[in-house]
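Following: one structure in structure tokens, then a few remarks.
Lettering of chains follows the sequences in order, A, B, ..., and the numbering in each one begins at 1.
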Number of protein chains: 2
Amino acid sequence: MNESQAIEALAALSHETRLRIVRHLVTRAEAGDSAGAIGEVVDAAPSKITFHVSALERAGLVSSERVSRQIVYRINFEQMGRVLNYVLTDCCANNATVMTCCGIKS
Amino acid sequence: MNESQAIEALAALSHETRLRIVRHLVTRAEAGDSAGAIGEVVDAAPSKITFHVSALERAGLVSSERVSRQIVYRINFEQMGRVLNYVLTDCCANNATVMTCCGIKS
DNA sequence: ATGATATTACAAGTATTGTTGAAATATGAA
DNA sequence: TTCATATTTCAACAATACTTGTAATATCAT
């Protein structure tokens, strides 16, 4: 993960609706969820879901797969971890205080 | 840390100049650095530094202290850790894959 | 007080991002 | 093919964020 990828991911995460989408998709894990179902959970119109979920997908935080009439979105756990690792390592130089406050032991 | 604080912090981190400022202040640690010195390192005009460093300060990621004619800025390591912890815990439910990709053992 | 230095505040303009509703596309069922 | 459902695309608009240069403020030294 390079700087511009990290910036895109951080920007994608810095929005209430998108954070709600992420949280919901995390609970769905491998099952994922359709745009329509996501829209009901986060209470947003279809075009809004497309807009925000596209931002998450561009950032690599979410993947999509068409399943018949629906498009199923899934969270990309690896990418979420990479973003956190980028901030921790490339920005904070694995600072001990940051790691402790982040809840990391070693 | 609540959701809106996390969103503000993530937004603050999702900008090239601000990320450069953070990286620089991390290397300076407790010593911190003045606005002018930061401006030279990240190659930005004074008003630009004020604008971006203010965003970081509003997000609690940086603190400031006047020392004679200069204002010294310091990174807030605790807050950096809290943001990462928020994403890891409140958004990713401490998912094992996320933790592994983030470089966390336990 | 005056002048020099460091920083911030402001205003104007530009750019980017987000919202909304309507039209277009894709898929499956009758 | 025709209809219904699911999603995307688009255009117009609103709201934020960023940049730039200039003026204002704060501090220190003379």
For the residue pair A/Ile7 and B/His15, establish whether any side-chain heavy-atom pair is separated by less than 4.5 Å.
no
Determine, using the 4.5 Å side-chain heavy-atom cutoff (strictly less than), whether B/Val26 and B/Val72 are members of one ILVMFWY cluster.
no
Pairing residues for A/Asp43 by the side-chain contact (heavy atoms from CB on, under 4.5 Å) criterion, not counting sequence neighbours
none
Who else is in A/Phe51's hydrophobic cluster (ILVMFWY, side-chain heavy atoms under 4.5 Å, direct or via others)?
none
Listed partners of A/Gln5 passing side-chain contact (heavy atoms from CB on, under 4.5 Å), at least two apart:
A/Met1, A/Asn2
Going by the side-chain hydrogen bond (donor to acceptor under 3.5 Å, both in side chains) test, which pairs reach into residues 25-42 of chain B, not counting sequence neighbours?
B/His24-B/Asp33
Within residues 2-18 of chain A, those residues having any heavy atom closer than 4.0 Å to DNA chain D are none
What's touching nucleotides 2-12 of chain D from the protein side, N or O pairs under 3.5 Å?
residue: D/dT5; atom: O4'; partner: A/Arg69; partner atom: NH1; Å: 3.0
residue: D/dT7; atom: OP1; partner: A/Ala35; partner atom: N; Å: 3.1
residue: D/dT7; atom: OP1; partner: A/Ile71; partner atom: N; Å: 3.3
residue: D/dT7; atom: OP2; partner: A/Gly36; partner atom: N; Å: 2.6
residue: D/dT8; atom: OP1; partner: A/Tyr73; partner atom: OH; Å: 2.4
residue: D/dT8; atom: OP2; partner: A/Thr50; partner atom: OG1; Å: 2.6

What are the two closest heavy atoms between A/Cys102 and B/Leu84, and how far apart are they?
SG-CB, 3.6 Å
Within the 3.5 Å criterion, strictly below it, is a donor on A/Ser63 or A/Asn76 matched to an acceptor on the partner's side chain?
no
Is any side-chain heavy atom of A/Cys92 less than 4.5 Å from a side-chain heavy atom of A/Val98?
yes
Here the ring-ring contact (aromatic ring centres under 6.0 Å, His included) pairs for residues 60-96 of chain B, sequence neighbours left out, are none
Counting just side-chain N and O atoms, does B/His52 come under 4.0 Å of either OP1 or OP2 of D/dT19?
yes
Residues 66-95 of chain B vs salt bridge (Lys or Arg N to Asp or Glu O under 4.0 Å), sequence neighbours excluded, gives B/Glu65-B/Arg74
Quick one: on DNA chain C, does A/Ser68 or A/Ala45 contact a more 5' nucleotide (nearest heavy atom)?
A/Ala45
Can you pull out how bent the helix from C/dA1-D/dT30 to C/dA30-D/dT1 is, comparing the axes over its first five and last five pairs, to 10°?
20°
Which atom pairs, donor and acceptor, lie under 3.5 Å between side-chain atoms of residues 52-61 of chain A and protein residues at least two apart or in another chain?
residue: A/His52; atom: ND1; partner: A/Arg18; partner atom: NH1; Å: 3.1
residue: A/Ser54; atom: OG; partner: A/Thr50; partner atom: O; Å: 2.6
residue: A/Glu57; atom: OE2; partner: A/Ser64; partner atom: OG; Å: 2.6

Identify the 5'-most and 3'-most nucleotides of DNA chain C with at least one atom closer than 4.0 Å to a non-hydrogen atom of chain B.
C/dA4 to C/dA9
Just to verify, what does A/Arg23 make a salt bridge (charged side-chain N to carboxylate O under 4.0 Å, His left out) with, not counting sequence neighbours?
B/Glu3
